[in-house]
Amino acid sequence: MNRRHEVRARITSAALDLTLERGLDAVTVDEIAAAANLSRRTFFNYFPSKVAACIPYVPPAEPEAVHLFLSDRSVPTMTALAQLMWNQVSTARREAPDFDRFHDLWQHEPGIQTEMHSLFARVENRLAVLVSLREGRSPTSFESATVAAASISILRVAVERWRTDSSGALLENLVRESFDAVTNAVTSGPDDS
C-alpha cells in the first residue's frame, strides 16, 4: 500500500471509530483529523467531507477481471457481470480493512446512505460502458444502461441481505446468489416456479 492509501485508510479508520461510537452528527472533521494524527488541511486533501471519509476506498476492478469480462464470450453477460462484481467485492474486502465495519455504520446513518447512492451511480455508469464494450454497443445505449442499473440493484440487494443476515454468509456468496436468483427468475417459465 502506498503512502497516499495509508493516510486515506488512517483517516477512514478514525472517522469510522468516532462515528460508530457517537454518530455522524456528533463528530467533527477536526476530531477525525486529530484522531488520525493529521491536520484539518491534510484531511481535506483526501476527503471533501466527514461523510466521504467514512467510506473506505475500494480499488477499481482488477484489470484481469475486466479483461475476462470483456473477452470471455462463453458465458452470458449477466453471468460475466456476476463474476466481475464478485471479484470487485472480494477485492474490496481484502484491500479495505474497514469494509465490514463501514457496513455496520451504513445502515444507521442517512448521510452515508445518500453518499453511497451517489457512489453506486458512478459505478453504474462505468458498468454501462463495460457492458457496451462487451456487447459492441454505443457507450450511451439504453440496453447497456439498463443492464448496468439492474446489476447495481442486484448488488444492493446482496449487500442489504449481508448486512441483515445472521447466518454469517459471505458477501461474495450472496452477490453470486442474488445474480443467480435473477437469472433463474428470468429464464424459468411459469410452470418452473
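FYI, the numbering just counts along the sequence from 1.
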What closest approach, in Å, do [X] and [Y] show between heavy atoms, and which atom pair accounts for it?
| X | Y | answer |
| --- | --- | --- |
| Ala53 | Thr12 | O-OG1, 2.9 Å |
| Val66 | Leu84 | N-CD1, 4.0 Å |
| Phe102 | Cys54 | CD1-O, 3.2 Å |
| Ser118 | Arg122 | OG-NH1, 2.9 Å |
| Ser151 | Met78 | OG-CE, 4.0 Å |
| Ser138 | Ser144 | O-OG, 4.5 Å |

Taking the side chain from [X] and the backbone from [Y], do they hold a donor-acceptor pair closer than 3.5 Å?
| X | Y | value |
| --- | --- | --- |
| Ser13 | Ala9 | no |
| Lys50 | Val27 | yes |
| Trp86 | Arg176 | no |
| Arg137 | Ser141 | no |
| Arg10 | Ala36 | yes |
| Gln88 | Ala61 | yes |
| Glu135 | Ser132 | no |
| Thr19 | Leu24 | no |
| Asn184 | Asp180 | yes |
| Arg73 | Arg134 | yes |

[atom1] of [X] to [atom2] of [Y]: how many Å apart, nearest 0.5 Å?
| X | Y | atom1 | atom2 | answer |
| --- | --- | --- | --- | --- |
| Tyr46 | His5 | OH | NE2 | 9.5 Å |
| Thr28 | Phe43 | OG1 | CZ | 9.5 Å |
| Ile112 | Leu119 | CD1 | CG | 12.0 Å |
| Leu130 | Thr77 | CG | OG1 | 11.5 Å |
| Asn45 | Arg40 | CG | CZ | 12.0 Å |
| Tyr57 | Arg8 | OH | CZ | 7.5 Å |

Is the shortest side-chain heavy-atom distance between [X] and [Y] below 4.5 Å?
| X | Y | value |
| --- | --- | --- |
| Val89 | Leu155 | yes |
| Thr79 | Phe179 | no |
| Phe44 | Val29 | yes |

Original post:
Of the options Leu127, Val75, Leu133, Val131, which is the one that meets Phe69 in a side-chain contact (heavy atoms from CB on, under 4.5 Å)?
Top reply: Val131
Subject >> Asp30, CG: over 12 other non-hydrogen atoms inside 6.0 angstrom >> reply: yes
Shared ILVMFWY cluster between [X] and [Y], side chains joined below 4.5 angstrom?
| X | Y | answer |
| --- | --- | --- |
| Val129 | Leu68 | no |
| Val157 | Met116 | no |
| Leu170 | Trp162 | no |

Original post:
Under the side-chain contact (heavy atoms from CB on, under 4.5 Å) criterion, do Val123 and Arg126 qualify, and how do the steps go?
Top reply: CA-CA 5 Å; Val123 171; Arg126 286 193 296 263; 3.5 Å; yes
Classify the side-chain pair [X]/[Y] by whether it contains a donor and acceptor separated by less than 3.5 Å.
| X | Y | result |
| --- | --- | --- |
| Asp72 | Ser74 | yes |
| Ser90 | Arg94 | no |
| Thr42 | Ser39 | yes |

